[in-house]
Amino acid sequence: DVRMLIGAKLLTEAQTYADGVYTPAKTAYDTASAALEVSATEENQNAYYAAEVALDKAVRGINDRTAFLDLMRYLGQHF
C-alpha cells in the first residue's frame with residue numbers, strides 16, 4: 001500500500017531530523033544552560049542565547065513534521 005510506504009518514509013525522515021537536528025540542539029542548550037548557571041559571563045550568556053535560538057528552531061521543525069504526520073494520518077483514515 002502506497003500510504004504505508006509514504007508513512008514509513010515520513011517516520012524515518014522525522015527520526016533522522018530528531019537525531020540530527022533536535023538532539024544536538026537540545027544537548028547544546030542543556031550544556032549552555034549549565035555553564036551559565038555556573039558562571040554568568042558574557043560568553044556563556046551569548047552561548048546560551050544562541051543555543052536557545054537553535055533549540056527553538058529545532059522544536060518548530062518537529063512541530064511542522066508532527067503536524068504533517070497528523071495530516072497524513074487523517075487522510076489515511078478518511079480517504
Side-chain angles (χ1 to χ4, degrees):
D1 183 66
V2 172
R3 289 178 291 183
M4 290 183 72
L5 292 173
I6 292 171
K9 175 124 176 90
L10 290 172
L11 287 174
T12 300
E13 289 176 359
Q15 187 63 55
T16 300
Y17 182 86
D19 293 340
V21 178
Y22 174 78
T23 299
K26 177 69 167 113
T27 300
Y29 174 81
D30 291 343
T31 301
S33 181
L36 186 60
E37 287 180 21
V38 171
S39 178
T41 64
E42 184 176 346
E43 180 182 346
N44 285 346
Q45 288 174 341
N46 291 338
Y48 174 79
Y49 295 139
E52 188 175 39
V53 168
L55 180 59
D56 181 61
K57 183 177 178 183
V59 168
R60 282 186 274 125
I62 285 180
N63 291 341
D64 291 346
R65 283 158 178 77
T66 302
F68 190 71
L69 289 171
D70 289 343
L71 175 63
M72 292 301 294
R73 187 177 315 123
Y74 174 82
L75 291 173
Q77 291 173 349
H78 299 284
F79 295 100

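The first residue of the sequence shown is numbered 1, and numbering continues consecutively from there.
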Quick one: which residue pairs count as a salt bridge (Lys or Arg N to Asp or Glu O under 4.0 Å) with a foot in residues 6-16, not counting sequence neighbours?
-> Lys9-Glu13
Here the salt bridge (Lys or Arg N to Asp or Glu O under 4.0 Å) pairs for residues 48-62, sequence neighbours left out, are Asp56-Arg60
Hey, could you give me each pair passing salt bridge (Lys or Arg N to Asp or Glu O under 4.0 Å) that has a residue in residues 34-48? Not counting sequence neighbours.
-> none
Excluding sequence neighbours, so at least two apart, what forms side chain to side chain donor-acceptor pair (under 3.5 Å) with Asp30?
-> Lys26
For Asn63, check side chain to side chain donor-acceptor pair (under 3.5 Å) against everything at least two apart and list the hits.
-> none
Would you please name every residue forming a side-chain contact (heavy atoms from CB on, under 4.5 Å) with Thr27, sequence neighbours left out?
-> Thr23, Thr31
ILVMFWY clustering at 4.5 Å (side-chain atoms), partners of Ile62 = Tyr17, Val21, Tyr22, Tyr29, Leu36, Tyr48, Tyr49, Leu55, Val59
What's the spacing between Leu5 CG and Leu10 CG if we round to 0.5 Å?
-> 11.0 Å
Partners passing side chain to side chain donor-acceptor pair (under 3.5 Å) against Gln15 (at least two apart in sequence or in another chain) | Asp19
